[in-house]
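Just so it is clear, the structure is predicted and the values come from calculations on it, not from any experiment. Residues take their numbers from the sequence shown, with the count starting at 1.
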Amino acid sequence: MIVGIDLGTTHSLVGSMQSGFPVLVADENGERLTPSAVWFPEAGEPVVGRAALARRQEFPDRVATSVKRLMGSRSSEEKRSRIVIGQRTWTPEEVSSLILKKLKSDAERSLGSPIDRAVITVPAHFNDAQRSATKRAGELAGFSVERIVSEPTAAALAYGLDRLGENAKVVVYDLGGGTFDVSVLLLSSGVFEVLSTNGDTRLGGDDLDAALAAAWDLPQQVAEKIKCALSEAADVVFEGKTYTRAALDAICLPIIARTRKNCIRAMADANLESSGLSAVVLVGGATRMPLVRKFVAEVFGREPDTSQHPDEAVALGATIQAGILSGEVHNMTLLDVTPLSLGIETFGGLMNVIIPRNSTIPCKAGEMFTNAVGNQSGMRISVLQGEREMAKDNWKLGGFDVAFAPLPKGRARVGVQFELDANGILNVLARDTATGEDTVVKIESAVEVSDEAVEKMLGDSLEHAFEDMDERVFTEACLKADEMLPAVDAALLQLGSAIGEGERAALSVLINKVRSAQADKSSSRLKSALAALDEATQPLATLLIEKALGENS
């Protein structure tokens, strides 16, 4: 048996297929939602769930919550991401594994048999390091993690969106406790294909609670309870003071409005207008708020589907996916996508994309590369993730060296292949075609940037699109100039008196225009100057060929 798990920021759930239906497992108290909280008492074993949450006010320094936000933290953030309890330091994966162990125990008690296989969900915008960290947490808990599945995609399974018919296009708006995702899916012949995804890994219900707590000068837990109550009532009285939904909406709207740009980008990436949507579904506890439902209806031009329990949809989808893998569910396939482009750095500091953003995974792609400098004996493969044109503006996931025999420029051949597995984890292969020797690296190293940069990357790629492209065009033109100018000088020297003074003077003017454009960093002038020089030097190439033929005859 394979169980499905929603490892959430605020709550976590586990389910299994029973008699062909996905059923969520309840704990010993009959509760399906397990708070993602761990209490570390001074003596004894850690306590997970509702009992831990109850201790948060009494022992704030010994209760860990919202650990999911720290998963896959960058090595530059390592100190900040560590969780220090008493004399011991815990990693986010270790704390998450305690939550997963509790879910494992609940499932085994309910089902009456050992469980060691699981499908675990993650936000669609979790990067490679965050997905790998989630998988490690599952393994620490004693699971063989069969699949890492994106939360919005899992939710589509739970809503039974295949009933909408052929070629239905659906938006899943997922506002959880700590993360936001929006995905556009195409449903066809039992295949759930993600057309695009966007989101914010640092935006969720926790941010709403914090804003309310600050505005109302209340503990965050109290603010959260008032928020939940105001989803059902227009006003709530607490300790003699009245809190209104209108006041709540005024505080929360600026935070909710931050999701608009993600929704617009996801729709644009899918080449879709609101009129082409078959449904909009809501996932995550925060989507119970009338404000969120009204906002989503306004953004997408249609009322959202609220037929599923927003807290349980992801876990139900994970359970259905577990059923697909175990063979209990048939005629249904889940195709996920990679949220950011993957590539390598090439000569001149350019980003060469190998797997574009929104490619369906699992997938495999590769290209052939050559040596940019004569007699170099190896090549550095720097693996990048991001949407910018220049390598320096993207994230470096890792790197390794490939050795080969020294050869003239452009003669070495190294094939580079990227393979994204079903969990969205990247494997890179580099092959020296001369020897057939392979170098294979599994990219699980952390990205040296902050988590906030995940969302900033997409925004920056739009904001800087024109200047990025201009920089790329200029860099490529400079590389061409660096090749062409020495070649022209060499040709003029070799041809000697065969080139008249007038012709030399004209070429000198063109060469100076190229160098001037390079110095002024003008892309358009440099391209134009190179084109003029290229055309003017065509007769030189003919003369060189004729001279070579004459010498060899």
Side-chain angles (χ1 to χ4, degrees), residues 341-356 365-396 399-416 418 428 430 432-433 460-461 464-494 507-541 544:
S341 299
L342 295 158
I344 71 169
E345 180 176 357
T346 55
F347 194 64
L350 299 172
M351 164 71 157
N352 191 96
V353 173
I354 292 181
I355 294 182
E367 280 190 35
M368 194 71 71
F369 296 92
T370 188
N371 55 327
V373 179
N375 294 317
Q376 69 185 80
S377 58
M379 185 182 294
R380 180 68 178 171
I381 306 293
S382 291
V383 181
L384 306 172
Q385 183 178 37
E387 301 307 310
R388 305 289 296 275
E389 296 293 334
M390 305 304 293
K392 63 181 172 61
D393 297 320
N394 294 301
W395 312 333
K396 186 175 178 180
F400 57 96
D401 294 305
V402 179
F404 46 77
L407 290 169
K409 177 183 175 182
R411 295 285 297 278
R413 292 286 184 272
V414 175
V416 176
F418 280 19
V428 180
D432 177 1
T433 58
D460 285 351
S461 70
H464 301 289
F466 291 109
E467 59 199 77
D468 278 5
M469 185 53 68
D470 187 64
E471 186 174 3
R472 184 183 190 99
V473 168
F474 178 73
T475 301
E476 289 174 339
C478 281
L479 292 174
K480 183 175 180 181
D482 290 343
E483 285 188 3
M484 184 180 288
L485 294 179
V488 172
D489 288 341
L492 290 172
L493 183 64
Q494 190 174 346
L507 288 172
S508 181
V509 169
L510 294 175
I511 289 169
N512 287 335
K513 284 185 178 181
V514 170
R515 288 178 174 147
S516 173
Q518 272 189 291
D520 293 343
K521 298 186 183 300
S522 172
S523 300
S524 56
R525 280 177 50 212
L526 182 56
K527 282 185 69 178
S528 176
L530 283 170
L533 182 60
D534 190 38
E535 184 177 351
T537 53
Q538 291 302 317
L540 299 189
L544 284 171

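Considering CG of Leu479 and OG1 of Thr346, their distance stands at 8.0 Å, rounded to 0.5 Å. One finds the CG atom of Leu526 at 11.0 Å from the NZ atom of Lys521 (value rounded to the nearest 0.5 Å). The structure places CG of Asp432 at 11.5 Å from CZ of Arg413, a figure rounded to the nearest 0.5 Å. Here the straight-line distance linking atom CZ of Phe418 with atom CD1 of Ile354 works out to 4.0 Å at 0.5 Å rounding. Taking CD of Glu387 as the start and CH2 of Trp395 as the end, the distance is 9.0 Å to the nearest 0.5 Å.
Under the rule for a side chain to side chain donor-acceptor pair (under 3.5 Å), Thr537 has no partner lying at least two apart in sequence or in another chain.
At least one donor-acceptor pair under 3.5 Å links the side chain of Asn394 to the backbone N or O of Arg388. Side chain of Asp534 to backbone of Leu530: no donor-acceptor contact under 3.5 angstrom is found. A distance-only check finds no donor-acceptor pair linking the side chain of Glu367 to the backbone of Val416 [under 3.5 Å]. Between the side chain of Ser523 and the backbone N or O of Asp470, at least one donor-acceptor pair lies under 3.5 Å. No donor-acceptor pair closer than 3.5 Å links the side chain of Ser528 to the backbone N or O of Ser524.
Across all their heavy atoms, Met379 and Asn371 have their closest contact at CE-N, 4.2 Å. Among all heavy-atom pairs drawn from Arg411 and Thr370, the shortest one is N-OG1, 3.6 Å. Heavy atoms only, all atoms of each residue included: Phe474 and Ala517 are closest at CE1-O, 4.0 Å. A pairwise comparison of heavy atoms in Leu510 and Ala536 identifies CD1-CB, 3.4 Å as the closest pair. Summarising the geometry of Met351 relative to Gly386, their closest heavy-atom pair is CE-O, 3.6 Å, with the distance given to 0.1 Å. Closest approach of Lys396 to Leu384, counting heavy atoms only: CA-CD2, 4.0 Å.
Counting heavy atoms from C-beta on, the side chains of Thr433 and Met368 come closer than 4.5 Å. The shortest distance between side-chain heavy atoms of Asn352 and Leu350 does not fall below 4.5 Å. Side-chain contact check for Phe369 versus Ile381: every heavy-atom pair is 4.5 Å or farther apart. Side-chain contact between Leu533 and Leu485 is present, with heavy atoms from C-beta onward closer than 4.5 Å. Using a 4.5 Å cut-off on side-chain heavy atoms (C-beta onward), Arg525 and Ser516 make contact. Between Met469 and Val473 the shortest side-chain heavy-atom distance falls below 4.5 Å.
Heavy atoms from other residues, nucleotides or ligands lying under 6.0 Å from CD of Gln538 number more than 12.
Taking the charged nitrogens against the carboxylate oxygens, Arg472 and Glu476 do have a contact shorter than 4.0 Å, which makes a salt bridge.
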